[in-house]
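Given the structure is predicted, the values throughout are model-derived calculations rather than measurements. Throughout, numbering of the chain's residues begins at 1 and tracks the sequence.
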Amino acid sequence: VSSAAAGNSLDATSSLSVSDTADFSTVEEEEEEGPDVDVNYVPDNPWQGQDVTVENAQDGGDYNLERATDFENNIVQDSVFVEEYSNIDGTEFDVDTSDLETARYFVTGPGAPDNPARSDTFRVRLMSLDAEFDDDTVADSGGDAVTDLEFDSNRGTYTLNASADGDLDDDELFDIFTNGEGDFDTADGDRVNASDVDGTTNSISDGATDTSGDLEVFLYDDDQDDNDEKVGLLGVTDDDYETNFTDISDGDYEFLFESFDTEAEDTADITVEDVDDAELEFVDSTVETTQGGVASITVEANDAADSG
């Protein structure tokens, strides 16, 4: 009997041990998933200033834009209200990100719950832009009319508008940014409608426009404000680009470089000097030496003479 009891005791212990081991081995921590979301954001990682299209919305629905302020297990736990979109027309609408700070956002409403997963939000990024000429002063002719223009940004490729506060027309800007090697008459007959420019893909959708130079310069049609005082630079990357100020009137210029589809912008200053204004002057008005002797005469050049 005791042997059987011992056997039963052993069986019970063995059974308990196997059961406990099985229970512990099958327990896994499940990653929390957010609720179903019908809407979709394009793009889902916009640069500040780009429009975000909310797709798959309910026609006539009311939506709120929210900024996520707290996540737990990649699920929105808290947010603050930003803007209301009422009685939308159709199944999609645009969100203007120009005034939005860097953060993650989402909409609430039909098909868009209050606590989506991080992957069901969109993130606004802030684009940086720096532009600088290598030289502070250039000539209006000769080799010293050429200087490099350097761009630097945290965005890989970007399209810019370039202008000079109305002091230069588009034909002058075209010559500067094509390094004097572009054909303005050809570009003038191939102007671009601003609606055909895609700043996200850095392309022109009509497919027929030829850009000019390393900066891929193009001219705007009349639909763009001040189209005769600006040019477009398509698909710029961080690099140095040659610019040429030949035949540009002497003076001080402030160039404005604006991102085509974001709020980023920067200015770069440069002075153009007329080589015809070059002068040489004697430092001393009187030089004394004996007849037949050798005198040292100092001649001073102005900036224009140095440049030319």
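At least one side-chain heavy atom of Val197 sits less than 4.5 Å from a side-chain heavy atom of Val192. Within the 4.5 Å cutoff, side-chain heavy atoms of Phe255 are placed close to those of Phe133. Between Leu160 and Leu129 there is a side-chain heavy-atom pair separated by less than 4.5 Å. Within the 4.5 Å cutoff, the side chain of Asp136 has no heavy atoms near those of the Thr271 side chain. For the pair Glu242/Asp148, a side-chain contact is recorded, criterion being any heavy-atom separation below 4.5 Å from C-beta on. Under the 4.5 Å side-chain criterion, counting only non-hydrogen atoms from C-beta, Val138 is not in contact with Ile248. Side-chain contact between Leu65 and Leu100: present, with at least one pair of heavy atoms (C-beta onward) separated by less than 4.5 Å. In this structure, the side chains of Phe106 and Ser79 come closer than 4.5 Å at one or more pairs of heavy atoms.
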- Query: Given the rule in the side chain to side chain contact (heavy atoms under 4.5 Å, CB included) test, do Asn227 and Arg191 qualify, once you have shown the distances and angles that lead to the verdict?
  - Reply: CA-CA 10 Å; Asn227 71 302; Arg191 289 180 176 267; 3.8 Å; yes
- Check the pair Ser212, Asp210 against side chain to side chain contact (heavy atoms under 4.5 Å, CB included), reporting the backbone distance first and the verdict last. CA-CA 7 Å; Ser212 303; Asp210 290 327; over 6 Å; no
- Task: Any chance you could lay out the side-chain hydrogen bond (donor to acceptor under 3.5 Å, both in side chains) test for Thr91 and Asp59, step after step, and finish with the verdict?
- Result: CA-CA 5 Å; Thr91 59; Asp59 188 6; over 6 Å; no
- Just do the side chain to side chain contact (heavy atoms under 4.5 Å, CB included) check on Asp140 and Asp250 with the steps written out, would you? CA-CA 7 Å; Asp140 64 352; Asp250 61 309; 5.7 Å; no
- Please lay out, stage by stage, how Arg125 and Asn45 fare under the test side chain to side chain contact (heavy atoms under 4.5 Å, CB included). CA-CA 7 Å; Arg125 300 172 293 171; Asn45 58 343; 3.5 Å; yes
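Applying side-chain hydrogen bond (donor to acceptor under 3.5 Å, both in side chains) to Tyr220 and the options Asp226, Asn161, Asp228, Asp170 leaves one that passes, Asn161. The only option from Phe93, Tyr105, Phe81 that meets the ring-ring contact (aromatic ring centres under 6.0 Å, His included) definition with Tyr63 turns out to be Phe93.
Around the CD atom of Gln224, the shell of radius 6.0 Å holds more than 12 heavy atoms that belong to other residues, nucleotides or ligands. The environment of Asn40 atom CG is dense: over 12 non-hydrogen atoms of other residues, nucleotides or ligands sit within 6.0 angstrom. Within 6.0 Å of atom CG in Asp269, more than 12 heavy atoms from other residues, nucleotides or ligands are found, so the atom counts as buried in its surroundings. Applying the 6.0 Å contact sphere to CG of Asp89 captures no more than 12 heavy atoms from other residues, nucleotides or ligands.
Closest non-hydrogen pair, Glu66 versus Val82, comes out as C-CG2, 4.1 Å. The heavy-atom pair separating Pro116 from Val37 by the smallest distance is CB-CG2, 4.2 Å. Across all their heavy atoms, Val52 and Pro46 have their closest contact at CG2-CG, 3.4 Å. Across all their heavy atoms, Tyr41 and Asp120 have their closest contact at CE1-O, 3.2 Å. The nearest pair of heavy atoms linking Pro113 to Thr108 is O-CG2, 3.7 Å. The minimum heavy-atom distance linking Glu172 with Asp167 is given by the pair OE1-O, 4.3 Å.
Neither Leu256 nor Phe177 shares a network with the other; the hydrophobic side chains, linked directly or stepwise wherever heavy atoms of I, L, V, M, F, W or Y lie under 4.5 Å apart, form separate groups for each. Note on Tyr85 and Val54: same hydrophobic cluster, where clusters join Ile, Leu, Val, Met, Phe, Trp and Tyr whose side-chain heavy atoms are under 4.5 Å apart, directly or indirectly. In the hydrophobic cluster analysis, where Ile, Leu, Val, Met, Phe, Trp and Tyr join through side-chain heavy atoms closer than 4.5 angstrom, Phe174 is grouped apart from Val146. Neither Leu126 nor Phe260 shares a network with the other; the hydrophobic side chains, linked directly or stepwise wherever heavy atoms of I, L, V, M, F, W or Y lie under 4.5 Å apart, form separate groups for each. Hydrophobic clustering, with ILVMFWY side chains joined whenever heavy atoms are under 4.5 angstrom apart, groups Ile88 together with Phe122.
Under the 3.5 Å distance criterion, the side-chain polar atoms of Asn244 are matched with a main-chain donor or acceptor of Thr246. Side-chain N or O atoms of Asp266 include one that pairs as donor or acceptor with a backbone N or O of Ala131 at under 3.5 Å. Proximity of a side-chain donor or acceptor of Ser153 to a complementary backbone N or O of Arg155 within less than 3.5 Å is detected. Judged by distance alone, with hydrogens and angles left aside, the side-chain atoms of Asn154 form a donor-acceptor pair with the main-chain N or O of Ser128 at under 3.5 Å.
Ring centers of Phe245 and Tyr253: at least 6.0 Å apart, outside the cut-off.
Residues Thr237 and Asp239 bring no donor and acceptor atom of their side chains to less than 3.5 Å of each other. No hydrogens or angles considered: a donor-acceptor pair under 3.5 Å links the side chains of Thr159 and Asn202.
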